[in-house]
Structure formats: C-alpha cells, structure tokens
Amino acid sequence: MNTILVTGGAGFIGSNFVHYLIRETDLNAVVLDKLTYAGNLASLKGLPSNRMTFMQGDIADATLLDDLLPKVDAVVHYAAESHNDNSLHDPRPFVDTNLIGTYTLIEAARKYDVRFHHISTDEVYGDLELDDPQRFTETTPYNPSSPYSSTKAGSDLLVRAWVRSFGLRATISNCSNNYGPYQHVEKFIPRQITNVMDSVRPRLYGQGLNVRDWIHANDHSSAVLTILERGQLGETYLIGADGEQNNKTVIESILEIMGEPAEAYDHVVDRPGHDLRYAIDSTKLRTDLGWLPQYSDFRAGLEATVQWYRDNEPWWRPQKAAAEAKYQMTGQ
Ligand code: NAD
Ligand code: TDX
C-alpha cells in the first residue's frame, strides 16, 4: 500500500485520520471531500503537500471516481452526513450521501478492485437499557433509530452485500462516540465548550441520563489503520475504549474543567427518539488484531480537548452562529 483515498477527510474524524496517517506511517493520502457545512480545509492545514493531496468533490460522482480510484491502493470511507439532529429535520442529504454516495463508491471500488474500508457507527445497533449487562458486539442485530443511523445501517449492508456477491475486498468498522480536536461545534462536547467560552450556559437534552461510550479520535484512527493493515477481508470490527459516561456527567466535567460551577447548565427539550445508551465490546479487535486504545483517561482527554478549543478559536468561530441558529429553531 502506498496511497490511501480518504473520503470525508476534511471532517472531524477523517481529518484526524489523515494527520495520524502522515504522522505515524509512510503512506500518502488523497482526500476527497465535498466541503459541506461540516467540512473544513483548515483541519488539514500544515500537512506536507508531497504527502497529502486535496480534491473537492462528491462521493456520488461516478465520473470523478473513475479518475481517482485507479490512482490509489485503498479507500477509507469516512464521508457522511453525520449529525442525528440534522437528520430529524432534513433526512434527504443523509440518503443521498450515506446511501447513494456509498453505493457509488463501492461500485467504483469493485470496478477497479481497490481495497475498501467502510467507517460506520455503533448507532446501527439501536440502544441499550441503562442496566443491560450486555454491550454491542459484531453479532448484535441491527436496529437503528434515526434517519442518520438507518442510512448508516443501510450503507453497512450494501458493503456486506458487495463483499458476498461481488468479492469486494472490504472491511467494516463500527465505532462509538468520538471526541477530540477538529469536531464541529454542532456536536455535544464542542458545543458545550464553546458555549462556556461565549458565556452561554451548556444545554442538556432531557434529563441527560443518556450514556455514550466515548473514544478519542486518535484511538479510532489507530484502530482503523490496524484493520486496514491486518483485518480479515469481509469482517466487521467494533471499535470502543470502555468510555461510558452519561451526558450530565460530561457537562458537569466540562464546567469544572473550565472553572465554572458544575450545575451552571440548562435542561432543554429532548431529542425525539433519543437513544438511551450505547456501549461497545471491542474484544474481537483487541484479541484478533492486538489493538489497544491509548487514551484510557477520559477526563484527561476532555481537558486536552477543552484546551484545543481555547487555543483554536479561529478554527471554530466561523461555524458557531449557524450551528446555534439551527438549535434555536427547536428550542435546544
Ligand atoms: P463530519 O460531519 O465531521 O465530517 C463528514 C465529512 O464528510 C465532511 O468533511 C463533509 O464535507 C464530507 N462529506 C459529506 N458529504 C459528502 C459527499 N457527498 N461527498 C464527499 N464528502 C462529503 O463527520 P465525522 O463525525 O467526522 O464522521 C465521519 C464518519 O465517521 C461518518 O461516516 C460517521 O458516520 C462515522 N462515525 C462518527 C462518529 C462520531 O462520533 N462522530 C462515531 C462513529 C462513526
Ligand atoms: O446540545 C446538546 N445537548 C445534549 O444533551 C447536544 C448537541 C447533544 N446532546 C446529547 C445527545 C446525545 O445523547 O449528547 C449526546 C451526544 O450527542 P451528539 O454529539 O449529537 O452525538 P450522537 O447523537 O451520540 O452521535 C454521535 O456519535 C455516533 C455522532 O454525531 C455520530 O456521527 C456517530 O455515529
């Protein structure tokens, strides 16, 4: 392998992966990104131009893929519409990118016989009760709740079918909630950090007892690289770092880290169909491929993330007003 096509490489997790690839390997990256509201070229700033090439374009553009795919050794597919709240107001772009876009990409990967890694989410499995001793595994039945997660589930199933029917050389990973640098301010953790910086009280949906299983974006990147290099074709791997926290605790931690009273937040209207709990059992990835997360201290990772948003206001400031305007329409 020499050159990896990273779709969605100007987004949160994709850009973290590109930085990781350039820092930790000799591989080169070609980034294909449409630069939707969620894409930001500034997230790729400082990367060496002889190792990283950027191309603006749509993954659903088959002509563009005919040009790109023969030039790369593998595709790592991050591009997606990724925000649940947006999917409740306007599901169409989720169908276009997550389903039609993924379909177009795997057809191109099949045509040019290119190794393909599909990035997905634990949300395809639906949610768990708070006291359920089980966590999601690779054999948990699919049961997605939102337009976002149902289109991600559909994209996973397309990849599985292309493996079985056409011999596509593909792997799939389903990861839990990521945090870290370069995350759009519409998402929970950056939204609350930047609210506090703007002297606006953080906003907790409902009672805030919903649990998310947090993993640092760098750990997601190391897992994806491990699967790309050593994963078995046709297999699915769950990625998680044993980071379960409820939303209330996360908001209180952010406030404490930022020197504010832990109760200085507001409860707002809940998300319709809000998944209660996600939790990942990543035994297969750890046992079969020997992967281990490095960021096991969530509080330390959160402190570093707060510091990153403090240090990088020019990166996030241009997104903030538009993100908050969307939330104002729903009272969130
Ligand atoms: P993001 O919204 O920050 O980034 C998505 C990127 O894809 C943006 O740069 C956007 O411009 C680009 N994009 C959107 N539509 C496109 C199209 N049609 N063609 C080309 N580029 C397009 O998302 P993220 O949080 O970085 O998520 C990346 C991937 O990881 C997604 O597939 C998501 O489902 C998955 N995932 C995310 C999380 C999480 O916690 N954020 C967890 C597990 C899995
Ligand atoms: O202001 C808020 N207040 C709040 O309480 C926001 C934006 C969110 N929340 C809650 C909703 C969720 O329980 O915080 C939790 C996390 O919310 P999001 O950041 O929107 O993430 P989530 O819906 O859990 O989905 C994320 O993880 C899985 C990513 O956005 C997905 O792309 C990924 O697949």
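Atoms within a ligand are numbered from 1 in the order they appear, just like the ligands themselves.
Across Phe17, Tyr179, Phe12, heavy-atom proximity to atom 25 (O) of ligand 1 is greatest for Phe12. Which of Ile59, Leu64, Thr36 comes nearest to atom 19 (N) of ligand 1 through a heavy atom is settled by distance: it is Ile59. Checking His184, Gln207, Arg191 against atom 1 (O) of ligand 2, the nearest heavy atom belongs to Arg191. Looking at His83, Arg271, Arg277, Arg203 and measuring to atom 3 (N) of ligand 2, the nearest heavy atom belongs to Arg203. Among Phe188, Tyr278, Tyr205, Tyr327, the residue whose heavy atom sits closest to atom 16 (C) of ligand 2 is Phe188. One option in Val211, Asn177, Val250, Asn178 has a heavy atom closer to atom 21 (O) of ligand 2 than any other, and that option is Asn177. Taking all heavy atoms of Asn86, Ile100, Asp33 into account, the minimum distance to atom 11 (O) of ligand 1 is reached by Asp33. Looking at Gly8, Ser149, Ala80, Gly240, it is Ala80 that brings a heavy atom closest to atom 14 (C) of ligand 1.
Residue His274 approaches ligand 2 through these ligand atoms, each under 4.0 Å from one of its heavy atoms: 11 (C), 12 (C), 13 (O). Of all the atoms in ligand 2, the ones that sit under 4.0 Å from a non-hydrogen atom of Gln192 are 1 (O), 2 (C), 3 (N). Near Gly39, meaning under 4.0 Å from any of its heavy atoms, are these atoms of ligand 1: 8 (C), 9 (O), 11 (O). Counting atoms of ligand 2 from 1 in the listed order, those under 4.0 Å from a heavy atom of Leu204 are 5 (O). Heavy-atom contacts of Thr121 reach the following atoms of ligand 1: 43 (C), 44 (C) (cutoff under 4.0 Å). Each of the atoms 31 (C), 32 (O), 33 (C), 34 (O) of ligand 2 lies under 4.0 Å from some heavy atom of Tyr148.
Among protein heavy atoms, the minimum distance from atom 32 (O) of ligand 1 is reached at Lys152 NZ, 2.7 Å. Of the protein's non-hydrogen atoms, the one nearest atom 2 (O) of ligand 1 is Ser82 OG, 2.6 Å. Protein heavy atom closest to atom 31 (C) of ligand 1, with residue, atom name and distance, is Tyr78 O, 3.1 Å.
The shortest N or O to N or O distance between Lys187 and ligand 1 is not under 3.5 Å. Checked against a 3.5 angstrom limit, the closest N/O atoms of Glu81 and ligand 1 fall outside it. An N or O contact shorter than 3.5 Å links Gly11 to ligand 1 by distance. Between Thr121 and ligand 2, at least one pair of N/O atoms sits closer than 3.5 Å. Inclusion of Ile13 in the set of residues having an N or O under 3.5 Å from an N or O of ligand 1 is warranted. Looking at Asn210 next to ligand 2, no N or O pair under 3.5 Å apart turns up. Taking only nitrogen or oxygen atoms, main chain and side chain alike, Gln183 does not reach within less than 3.5 Å of ligand 1. By the 3.5 Å distance cut-off applied to N or O atoms, Asn178 is counted among the residues near ligand 1. Between His220 and ligand 1, a contact under 3.5 Å exists for no N or O pair. Close N/O approach between Asn177 and ligand 1 is not found [any backbone or side-chain N/O within under 3.5 Å].
The backbone of Glu186, and not its side chain, has at least one atom closer than 4.0 Å to an atom of ligand 2 (non-hydrogen atoms only; backbone = N, CA, C, O). Using a 4.0 Å cut-off between heavy atoms, Tyr148 contacts ligand 1 through its side chain alone, with no backbone atom that close. Using a 4.0 Å cut-off between heavy atoms, Ser176 contacts ligand 1 through its backbone alone, with no side-chain atom that close. Both the backbone and the side chain of Lys187 come within 4.0 Å of ligand 2, judged by heavy-atom distances. Residue contacts with ligand 1 for His83 are absent, since no atom lies close enough (heavy atoms, distance under 4.0 Å). When non-hydrogen atoms are compared, ligand 1 lies under 4.0 Å from neither the backbone nor the side chain of Asp122. Residue contacts with ligand 2, taken as heavy atom pairs separated by less than 4.0 Å, do not involve Gln332 at all.
Leu41 is not listed as a side-chain neighbour of Lys45, based on a closest heavy-atom distance of 4.5 Å or more. Using a 4.5 Å heavy-atom cutoff, the side chains of Leu238 and Lys284 are not in contact.
Side-chain contact, Tyr309 with Asn312: no donor N or O sits under 3.5 Å from an acceptor N or O. No hydrogens or angles considered: a donor-acceptor pair under 3.5 Å links the side chains of Trp291 and Ser222. Tyr205 and Asp85 share a side-chain donor-acceptor pair at under 3.5 Å. Counting only N and O atoms by type, the side chains of Glu186 and Asn86 include a donor and acceptor under 3.5 Å apart.
Between Phe17 and His220, the distance separating the two ring centers is not shorter than 6.0 angstrom. In this structure, Tyr148 has its ring center at least 6.0 angstrom away from the ring center of His83. In summary, the aromatic rings of Tyr182 and Trp308 are positioned with their centroids under 6.0 Å apart.
Seen from the ring of Tyr265, Arg201 does not count as a face-on cation partner, given the 6.0 Å and 45° thresholds.
Taking 4.0 Å as the cut-off between side-chain N and carboxylate O, Glu324 and Arg191 count as a salt-bridged pair. Between Glu81 and Lys152, no side-chain nitrogen of the basic residue sits less than 4.0 Å from a carboxylate oxygen of the acidic one, so the salt-bridge criterion is not met.
Classification of the His77-His118 ring pair by plane angle, with boundaries at 30° and 60°, yields tilted. Below 30°, between 30° and 60°, or above 60°: for Phe136 and Tyr125 the angle between ring planes is between 30° and 60°, a tilted geometry.
Under the 4.0 angstrom criterion for non-hydrogen atoms, Pro93 is not in contact with ligand 1. Ligand 1 is never approached by His184 to a heavy-atom distance shorter than 4.0 Å. In this structure, Thr7 has no heavy atom closer than 4.0 Å to ligand 1. Within the structure, ligand 1 has Ala10 among the residues with a heavy atom less than 4.0 angstrom away. In this structure, Lys152 has no heavy atom closer than 4.0 Å to ligand 2. At least one heavy atom of Ser120 lies less than 4.0 angstrom from ligand 1. Using 4.0 Å as the threshold, Ser15 has no heavy atom nearer than that to any atom of ligand 1.
The side chain to side chain contact (heavy atoms under 4.5 Å, CB included) with Ser173 is formed by just one residue from the set Asp156, Leu228, Ile119; it is Ile119. Screening Asp242, Asp127, Asp213, Asp122 for a salt bridge (Lys or Arg N to Asp or Glu O under 4.0 Å) involving Arg135 leaves a single residue, Asp242.
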Checking ring pair (Phe, Tyr, Trp, His ring centres under 6.0 Å) for the pair Phe298/Tyr179: CA distance, chi angles, key distance, verdict? CA-CA 10 Å; Phe298 176 70; Tyr179 73 100; 5.1 Å; yes
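Enclosure of atom CG in Asp26 is not indicated, since only 12 or fewer non-hydrogen atoms of other residues, nucleotides or ligands lie within 6.0 angstrom.
Residue Ser82 holds its OG atom at 3.0 Å from NZ of Lys187, rounded to the nearest 0.5 Å.
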